[in-house]
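Have a look at the structure below, then the notes.
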Amino acid sequence: PPMPLDICVAQSQGQIGYMLQQCMLNSLASSGVQKGVAAVITRVLVDEDDPAFENPTKPVGPVYRYDEALLRLKEGYIISQQKGGWRIVVPSPDPISIIEREAIKKLIDSGIIVIAVGGGGIPVVKKGDGVTKIEGKEAVIDKDLASERLAMEINADTLLILTDVDAVYLNYGSEDQKKLKEISLQEMEEYYHRGQFPPGSMGPKILAAIRFLENGGKKAIISSIEHAWDALEGEAGTQIVK
């Protein structure tokens, strides 16, 4: 039977977490490193009154032709025109806190590599008078913002965000694009508020980096997976510092 979106996020976390877990364990073992890896089904607290629930913007699922989109519309879905066709859009509320933060911190402290907040985490809200209950919500949380929240709550020093470009660029895609190698938090905030980074692209990653540094983090890095290690060593990507 069809499943609500919070269940679908949980399924994705389990499936992809399992694949990452297997690959990491096998890779570590082949290098002679005996280290545990755990994938944690992660819930993320959001505000039930978040304005995002009244204004769905996050595209999910396949791209539909116009006639297919009309059918989805009749079924009660909210549809938005996207590149190449039409897609269902859902709320994307701001993450408040990671429910499993204490369990994740204990695993890290015991030497376990933890895979968490997959897909941005499962959106949940607190309900009830007297006895607090947690209920799932049909939404998709931005993965970069959820990762920042987890990094803050486990007291991480560095937030490394990997994407499909080697670094952050000003005027990206234009003839005068400029690569940002090392930049201060203040400068990055100024570029962000000027609208240099689109919401559906680099915007959430920049916002996550800004929040991380404002909340006590020491360094935020944005780069591609191919340059991940060099970026962590300070030799590639965009290094954002206070």
Side-chain angles (χ1 to χ4, degrees), residues 42 44-47 49-55 57-59 91-99 101 104-105 108 114 116-121 123 139-242:
T42 316
V44 178
L45 182 66
V46 299
D47 186 349
D49 296 323
D50 191 305
F53 287 110
E54 300 298 323
N55 181 35
T57 57
K58 181 72 172 177
S92 185
D94 212 21
I96 296 173
S97 183
I98 310 299
I99 301 293
R101 61 189 178 277
I104 291 168
K105 186 69 166 65
I108 293 170
V114 182
V117 292
V140 172
I141 301 169
D142 182 85
K143 61 186 180 299
D144 298 307
L145 299 183
S147 296
E148 181 279 325
R149 190 59 29 175
L150 175 61
M152 186 198 74
E153 293 187 333
I154 62 172
N155 299 316
D157 291 329
T158 303
L159 176 64
L160 172 62
I161 299 176
L162 301 178
T163 183
D164 58 356
V165 291
D166 64 328
V168 178
Y169 289 81
L170 296 179
N171 306 314
Y172 182 71
S174 66
E175 292 182 359
D176 62 339
Q177 70 175 19
K178 178 185 176 183
K179 183 176 181 177
L180 299 176
K181 294 182 179 179
E182 182 168 304
I183 183 170
S184 70
L185 170 61
Q186 183 179 351
E187 287 179 293
M188 189 60 90
E189 284 181 310
E190 289 174 3
Y191 287 131
Y192 177 78
H193 291 302
R194 285 185 207 165
Q196 269 283 344
F197 311 110
S201 179
M202 192 58 75
K205 302 179 195 310
I206 299 298
L207 180 57
I210 290 170
R211 287 181 177 180
F212 178 68
L213 293 172
E214 287 180 339
N215 288 320
K218 294 181 179 178
K219 180 186 285 188
I221 307 166
I222 300 175
S223 188
S224 64
I225 194 166
E226 292 83 4
H227 297 89
W229 182 256
D230 289 338
L232 197 57
E233 294 287 294
E235 298 171 0
T238 297
Q239 312 278 326
I240 311 166
V241 295
K242 289 184 179 177

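Just so we're clear, the structure is a prediction, and the values are computed from it rather than from any experiment.
Using modelled atom types, one side-chain atom of Asp50 and one backbone atom of Asp94 make a donor-acceptor pair closer than 3.5 Å. Checking side-chain atoms of Lys205 against main-chain N and O of Asp144 turns up no donor-acceptor pair under 3.5 Å. With hydrogens and angles disregarded, no donor-acceptor distance shorter than 3.5 Å links the side chain of Asn171 to the backbone of Ser174. Judged purely by atom type and a 3.5 angstrom limit, Glu233 has no side-chain atom pairing as donor or acceptor with the backbone of Trp229. No donor-acceptor pair closer than 3.5 Å links the side chain of Ser201 to the backbone N or O of Pro198. For Gln239 (side chain) and Lys181 (main-chain N/O), no donor-acceptor pair under 3.5 Å exists by modelled atom type.
For the atom pair Glu182 CD and Lys219 NZ, the distance stands at 7.0 Å (nearest 0.5 Å). Distance CG/Leu160 to CD1/Ile225: 9.5 Å, rounded to 0.5 Å. Once rounded to the nearest 0.5 Å, the distance linking CD1 of Ile206 with CZ of Arg211 reads 13.0 Å. Rounding to the nearest 0.5 angstrom, the gap separating the CG atom in Leu162 from the CD atom in Glu226 is 9.0 Å. For the atom pair Ile161 CD1 and Lys143 NZ, the distance stands at 9.5 Å (nearest 0.5 Å).
Under the salt bridge (charged side-chain N to carboxylate O under 4.0 Å, His left out) criterion, the residue pairs touching residues 153-173 are Asp166-Lys179, with sequence neighbours excluded. Applying the ring pair (Phe, Tyr, Trp, His ring centres under 6.0 Å) definition to pairs two or more places apart or across chains, those involving residues 145-196 are Tyr169-Tyr172.
Taking all atoms of both residues into account, the shortest heavy-atom contact from Ile221 to Ala231 is CD1-O, 3.5 Å. When all heavy atoms are compared, the tightest approach of Met202 to Ala167 is CE-O, 4.4 Å. For Ala52 against Pro91, the heavy-atom pair with the smallest separation is O-CB, 3.4 Å. The nearest pair of heavy atoms linking Ile99 to Val44 is CG1-N, 4.4 Å. The minimum heavy-atom distance between Leu170 and Gln196, with the atom names listed, is CA-OE1, 3.6 Å. Across all their heavy atoms, Ile104 and Ile154 have their closest contact at CG2-CG2, 4.3 Å.
Remark: Lys242 NZ is packed, more than 12 non-hydrogen atoms of other residues, nucleotides or ligands lying under 6.0 Å away. No more than 12 heavy atoms of other residues, nucleotides or ligands shown are found within 6.0 angstrom of CD on Gln186.
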List the steps and the verdict of side-chain contact (heavy atoms from CB on, under 4.5 Å) for Glu187 and Ile240.
-> CA-CA 9 Å; Glu187 287 179 293; Ile240 311 166; over 6 Å; no
Passes side-chain contact (heavy atoms from CB on, under 4.5 Å), Phe212 versus Leu207? Steps please.
-> CA-CA 9 Å; Phe212 178 68; Leu207 180 57; over 6 Å; no
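Considering only heavy atoms from C-beta on, Ile210 stays 4.5 Å or farther from Glu148 through its side chain.
Residue Ile222 forms a side-chain contact (heavy atoms from CB on, under 4.5 Å) with just one option from Leu180, Val168, Leu159, and that option is Val168. For the side-chain contact (heavy atoms from CB on, under 4.5 Å) with Pro93, the lone residue among Val140, Leu45, Val46 that qualifies is Val46.
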